[in-house]
There are 2 protein chains.
Amino acid sequence: MKEATALIPQLTVDCIILGFHDNQLRVLLLRWKDTSFWSLPGGPVRQTESVDAAATRILRERTGLGAIYLQQFRVFGDEVRYSLEEVQEKLKHIFDPAIWYKRAISIGYYALVDYSKVTPLPDAYTDECRWWDIRDFPTLLFDHNHMVKLALEALRQQLSWQPVGNNLLPEPFTLPELQRLYETILGRSMDPRNFQRKMLSLGILERLETKRRGGAFRSPYLYRFIPEKYEAALKEGNLMIL
Amino acid sequence: MKEATALIPQLTVDCIILGFHDNQLRVLLLRWKDTSFWSLPGGPVRQTESVDAAATRILRERTGLGAIYLQQFRVFGDEVRYSLEEVQEKLKHIFDPAIWYKRAISIGYYALVDYSKVTPLPDAYTDECRWWDIRDFPTLLFDHNHMVKLALEALRQQLSWQPVGNNLLPEPFTLPELQRLYETILGRSMDPRNFQRKMLSLGILERLETKRRGGAFRSPYLYRFIPEKYEAALKEGNLMIL
DNA sequence: GCAAAAGTGTTCGAAATACACCCATGT
DNA sequence: ACATGGGTGTATTTCGAACACTTTTGC
């Protein structure tokens, strides 16, 4: 789709924005105006910004966040990525079908954000912007379901080098919280004793004085990442777990 | 740069074509006509082909190979990737400086090819196409040195999931040959006993009856990958070595 | 027979796995 | 007091690391 500012033709960015809440991975989706159709936040790249900057901009507009962890994971460049006619028909009350490119190449990014700091915000073309559970969200327009799937695969594969804990969990956090994050991403459960031993042995965590209060149960310890140690472990690719 | 066929504007593909010969990783480079300037093979994406197909086409044109292992590894999308003026000046006898896009986004691919099956072939704009040792090749035009560096990092990181042996080594091969391939990619040497034990324990290799002859030394056994087993191990990401 | 590279086995320590009970807290 | 989730130690097994000598071959 086209806009006033000068754009790079036929090139878009789509973002899989991931957050973690209630022990679940969530993805931020948009519902198009006066429809029940959902899709990923995305948009064109401007002539005056880098591709990464375009992704950052789109992300900032939907989440209100400034500094964000973004990772390019794939270019979607097939000649036919989805039914153009279908999309034109479904969104014709929003966009003149004539303005759609016959073909667009999309660069896929995943973003890891702190759920608690996000204020989901729809734009001029959408009525609603909200989090969905990654295991249960609607069928999306375009090839966006495929994109989410590949984003998750990329994330899993790159787990050892991605600052996952850092970006998805607000500090301070407890070890069970961190464990559930890993479990959710990897899709399997882990032994808490082994998880703790492994995590603590990496030497990247600092245990705080205070504990988390509130539940009707034993108060867990709070932890923070030690930034330098954390960075070092990431570079080594040491963060794969069990 | 522009051509007769309809192109996607401002979008190019660049290929880091890797081969293995004389126990060294090599990269295929082009020398521009009447210059001493080298760069990676690359080019625009046509409207009628997927991005992957564009990379495949470029690769086929330079190597003569049909089925090739190609892996997208990065989009180079900065607003300013290199000095446009410098390139226009250096290549002005080949291209009218006016035809250059002010900005182009490039999708980086690395390709793993069988060195022995490649016939390097220059195109209309280049005088020479040849292999260079990956540890010692000229400064390239554009941001191509950076691209090679990132391609190698991506390859190293993805080693466990990439069909490296499969594509870079002609079958049948010997275990020492395979070991030197891994050593070259990872940039460190390994113990031959440990390497063999690990490789053979994966159950993806078939030892052949015949041995390789020719050197003034003991004849090594020849091996072949067992395709189904090899595929399965790749999916699991089990191929990381020592 | 000699030079060059290939083949091979064992020991040791580290890390991964499996497993179950008690503790702290709020209601 | 009880229900809920958090914290912790040990034994076993597996895997990676280190290490050196003998064999084959062509010249």
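Per chain, numbering begins at 1; letters A, B, ... match sequence-line order.
- One can place CD of A:Q196 at 16 Å from P of D:dT10, the figure rounded to the nearest angstrom.
- Remark: C1' of C:dA6 and CG of B:L200 are 13 Å apart, rounded to the nearest angstrom.
- Going from atom CE of A:M190 over to atom C1' of D:dT8 covers 19 Å, rounded to whole Å.
- By the 30° and 60° cut-offs, the orientation of the rings of A:W32 relative to A:Y125 is tilted.
- Candidate nucleotides C:dG7, C:dG9, D:dG6 were compared by shortest atom distance to the side chain of B:Y221, and C:dG7 ranks first.
- Each of B:F137, B:F142, B:W132 was scored for a ring pair (Phe, Tyr, Trp, His ring centres under 6.0 Å) with B:W38, with one residue passing: B:W132.
- Along DNA chain C, the nucleotide nearest to B:E177 and the one nearest to A:K211 differ in position, and the one closer to the 5' end is contacted by B:E177.
- Residue-to-nucleotide proximity on DNA chain D shows that, of A:P192 and A:R218, the 5′-proximal contact is made by A:R218.
- Atom CG of B:D191 and atom P of D:dC15 are 18 Å apart (whole Å).
- Distance, B:F217 CZ to D:dT22 C1': 17 Å, rounded to whole Å.
- When only modelled atom types and interatomic distance are considered, A:E153 and A:Q157 share no side-chain donor-acceptor pair under 3.5 Å.
- Toward the 5' end of DNA chain C, the nearer of the two residues B:R193 and B:R180, judged by each one's closest nucleotide, is B:R180.
- At a cut-off of 3.5 Å, with distance as the only test, a side-chain donor of A:Y69 or A:Q71 sits close to an acceptor on the other residue.
- Per the geometry, CZ belonging to A:F195 stands 14 Å off P belonging to D:dT8, to the nearest Å.
- Look at CZ on A:R197: it is 13 Å from P on D:dA11, rounded to the nearest Å.
- Nearest nucleotide to the A:N194 side chain, out of C:dT17, C:dA6, D:dG7: C:dT17.
- The aromatic rings of B:H146 and B:F76 stand perpendicular to each other, their planes meeting at an angle above 60°, with 30° marking the opposite boundary.
- Whole-Å rounding puts the A:L178 CG to D:dG7 P distance at 12 Å.
- Counting non-hydrogen atoms under 4.0 angstrom, B:R213 reaches the backbone sugars and phosphates but no base.
- In this model, the phosphate group of D:dG16 is approached by a side-chain N or O of B:K198 to a distance below 4.0 Å at OP1 or OP2.
- Listed nucleotides C:dT8, D:dA18, D:dT25 differ in distance to B:R207; the shortest reach to its side chain belongs to C:dT8.
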